[in-house]
Chemist: 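One structure, as structure tokens, below. Some questions next.
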Amino acid sequence: MKDLNGKRILVTGASSGIGYATAVYLSQLGAQIVITGRDLERLNNCFNELEGNGHISIVADITNNEDIEKIFSKINETGDKLSGMIHCAGIPYVMPIKSINREKLNSIFNINYFSFVELAKKFVGKKYSVDGASIVVMSAILTRKPRSFELGYIASKAALEASVPVMALEFNKRKIRVNAILPGFVKTKMVEQTVENFGNSDEMDNIASNFLYGWESPSDIAKIAAFMVSDDSKVITGRCILADGGML
């Protein structure tokens, strides 16, 4: 893959997991990175690992439209437009259906879905992005092979995937591409904590055994995301890319 010199990429959820790994990897390829997340300390850790110069770190809660405005205002102040956005922010949600209510569903959709729509709306503004830019959003293979007790999480990710081809059609006027990546079982602290809260550590390896590749690392997914914001993937849009490691 070609380097990403000259590209400015916004990465959400960069304080941990896939977002953190993606931001660092993109910087190694020469991109200027705008990272955002809610945790200042962890976001600083990511920022300190970025290679090169010209990066921006913005503490923000993307469930808040005012914070989304703040992100794009700071980007606009630099005078450099975005070539890509990789939306990694999101949270798991494990709960039996009988315990779910509208308030809880609204909370998970605010984080995992509604925030993406608001970010995409801002991103496509001509003063924020270049023609031919690329939007990438992280979904999950669970939309194709679901598990019990994860209705809220899976439904929010399915909404992301349903939005991808619609956005690709509407944003095609400026040749802005929109795609989703569907990781499998990625070994992040968030996943480890979720499984430990509702099971045990041995269960994690049992789940991973359902994938031909087994455990994926955040860096595995970061490399796919980098390809999707590069010019090498310019013919791919409106697609959901399975990166699940061959789920059985």
Chemist: Report the residues that fulfil side chain to side chain donor-acceptor pair (under 3.5 Å) with Tyr128, sequence neighbours left out, ordered by chain and then residue number.
Modeler: none
Chemist: To the nearest 0.5 Å, how far apart are CD in Glu51 and CG in Leu29?
Modeler: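 Answer rounded to 0.5 Å: 9.5 Å.
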Chemist: Answer yes if Val117 and Ile176 sit in the same cluster of Ile, Leu, Val, Met, Phe, Trp and Tyr residues linked by side chain heavy atoms under 4.5 Å apart, and no otherwise.
Modeler: yes
Chemist: Kindly give the heavy-atom pair with the smallest separation between Pro146 and Ile154, and that separation in Å.
Modeler: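 The answer is CB-CD1, 3.6 Å.
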Chemist: Rounded to the nearest 0.5 Å, what's the gap from CD1 on Ile56 to CG on Leu10? Could you check?
Modeler: 9.5 Å
Chemist: Taking only residues at least two apart or on different chains, which pairs with a member in residues 27-45 satisfy salt bridge (Lys or Arg N to Asp or Glu O under 4.0 Å)?
Modeler: Asp39-Arg42
Chemist: Mind checking what makes side-chain contact (heavy atoms from CB on, under 4.5 Å) contact with Ala89, not counting sequence neighbours?
Modeler: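 By the side-chain contact (heavy atoms from CB on, under 4.5 Å) rule, Ala89 matches Thr12, Ile62, His87.
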Chemist: Give me the atom names and distance for the closest heavy-atom approach of Ile35 to Ala23.
Modeler: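 Closest heavy-atom pair between Ile35 and Ala23: CG2-CB, 3.6 Å.
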Chemist: Indicate yes or no: at least one non-hydrogen side-chain atom of Leu119 is less than 4.5 angstrom from one of Ile68.
Modeler: yes
Chemist: Using a 4.5 Å cut-off on heavy atoms from C-beta on, say whether the side chain of Leu142 contacts that of Lys157.
Modeler: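 No - every pair of side-chain heavy atoms lies 4.5 Å or more apart.
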Chemist: Does Asn53 CG have over 12 foreign heavy atoms under 6.0 Å away?
Modeler: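 Atom CG in Asn53 is not crowded, with 12 or fewer foreign heavy atoms closer than 6.0 Å.
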Chemist: Taking all non-hydrogen atoms of both residues, which atom of Tyr25 and which atom of Ala226 are closest, and how far apart?
Modeler: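 Looking at all heavy atoms of both residues, the shortest contact is CE2-CB, 3.6 Å.
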Chemist: Suppose we screen for side-chain contact (heavy atoms from CB on, under 4.5 Å). Which residues come up paired with Asp80, at least two apart in sequence or across chains?
Modeler: Arg8, Gln32, Thr78
Chemist: Considering non-hydrogen atoms only, spot the tightest contact between Thr36 and Ala60 and give its length.
Modeler: OG1-CB, 3.5 Å
Chemist: Looking at residues at least two apart in the chain, or sitting in another chain, which of them share a side-chain contact (heavy atoms from CB on, under 4.5 Å) with Val130?
Modeler: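 For Val130, the residues satisfying side-chain contact (heavy atoms from CB on, under 4.5 Å) (neighbours in sequence not counted) are Lys81, Ser83, Ala133.
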Chemist: Side chain of Ser217, backbone of Asp220: donor and acceptor closer than 3.5 Å?
Modeler: yes
Chemist: Going from CD1 on Ile108 to CG on Asn112, what distance comes out if it is rounded to the nearest 0.5 angstrom?
Modeler: 4.0 Å
Chemist: Go through the structure and list residues passing side chain to side chain donor-acceptor pair (under 3.5 Å) with Asn110, not counting sequence neighbours.
Modeler: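 Partners of Asn110 under the side chain to side chain donor-acceptor pair (under 3.5 Å) test: none.
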Chemist: Run the side-chain donor-acceptor check on residues 234-242: report pairs under 3.5 Å with partners two or more places apart or on a different chain.
Modeler:
from, atom 1, to, atom 2, distance (Å)
Thr237, OG1, Val178, N, 3.2

Chemist: For Asn172, check side-chain contact (heavy atoms from CB on, under 4.5 Å) against everything at least two apart and list the hits.
Modeler: Lys175
Chemist: Do you reckon Tyr113 sits in the same ILVMFWY cluster as Val166, going by side-chain contacts under 4.5 Å, direct or chained?
Modeler: no
Chemist: Taking Phe227's backbone N and O only, do any of them form a donor-acceptor pair with Ser230's side chain (distance below 3.5 Å, no angle check)?
Modeler: yes
Chemist: Within the structure provided, determine whether Met167 and Phe123 are in side-chain contact (heavy-atom separation under 4.5 Å).
Modeler: no
Chemist: Could you grab the distance from atom OH of Tyr93 to atom CG of Leu151, nearest 0.5 Å is fine?
Modeler: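 That separation rounds to 10.5 Å.
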Chemist: Once rounded to the nearest 0.5 Å, what's the spacing between atom NZ of Lys74 and atom OG of Ser57?
Modeler: 8.5 Å
Chemist: Do you reckon Val11 sits in the same ILVMFWY cluster as Leu40, going by side-chain contacts under 4.5 Å, direct or chained?
Modeler: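 Same hydrophobic cluster.
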Chemist: Could you measure the distance from the CD1 atom of Ile33 to the CG atom of Leu4? Nearest 0.5 Å is fine.
Modeler: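 It is 7.5 Å, given to the nearest 0.5 Å.
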Chemist: Verify side-chain contact (heavy atoms from CB on, under 4.5 Å) between Lys7 and Val229, making sure each step is shown before the conclusion.
Modeler: CA-CA 9 Å; Lys7 293 187 180 293; Val229 294; 5.9 Å; no
Chemist: Taking Gly184's backbone N and O only, do any of them form a donor-acceptor pair with Glu216's side chain (distance below 3.5 Å, no angle check)?
Modeler: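 Such a contact is found between Glu216 side chain and Gly184 backbone.
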Chemist: Are Phe171 and Ile135 close enough that some pair of their side-chain heavy atoms sits under 4.5 Å apart?
Modeler: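 The answer is yes; the side chains approach within 4.5 Å.
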Chemist: Side-chain contact, heavy-atom cut-off 4.5 Å: Val24 with Leu50?
Modeler: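 They are in side-chain contact.
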Chemist: With side chains defined as the heavy atoms from C-beta onward, is the minimum distance between Tyr20 and Glu49 less than 4.5 Å?
Modeler: yes
Chemist: Check the angle between the aromatic planes of His55 and Phe47 and answer parallel, tilted or perpendicular using the 30° and 60° thresholds.
Modeler: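 Because their plane-to-plane angle is over 60°, the rings of His55 and Phe47 count as perpendicular.
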Chemist: For residues 62-73, pull every pair meeting side chain to side chain donor-acceptor pair (under 3.5 Å), keeping only residues two or more places apart or in separate chains.
Modeler: Asp61-Thr63, Glu69-Lys122
Chemist: So do Phe116 and Met85 actually touch side chain to side chain, heavy atoms under 4.5 Å?
Modeler: yes
Chemist: Could I get the full list of side chain to side chain donor-acceptor pair (under 3.5 Å) partners for Ser129, not counting sequence neighbours?
Modeler: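 Only Arg174 meet the side chain to side chain donor-acceptor pair (under 3.5 Å) criterion with Ser129.
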Chemist: Would you please name every residue forming a side chain to side chain donor-acceptor pair (under 3.5 Å) with Ser139, sequence neighbours left out?
Modeler: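 Ser139: side chain to side chain donor-acceptor pair (under 3.5 Å) contacts with Glu161.
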Chemist: I'd like a table of donor-acceptor pairs (distance under 3.5 Å, sequence neighbours excluded) in which one partner is a side-chain atom from residues 95-107, with atom names and distances.
Modeler:
from, atom 1, to, atom 2, distance (Å)
Asn101, OD1, Glu103, N, 3.2
Asn101, OD1, Lys104, N, 2.8
Lys104, NZ, Ser99, O, 3.2

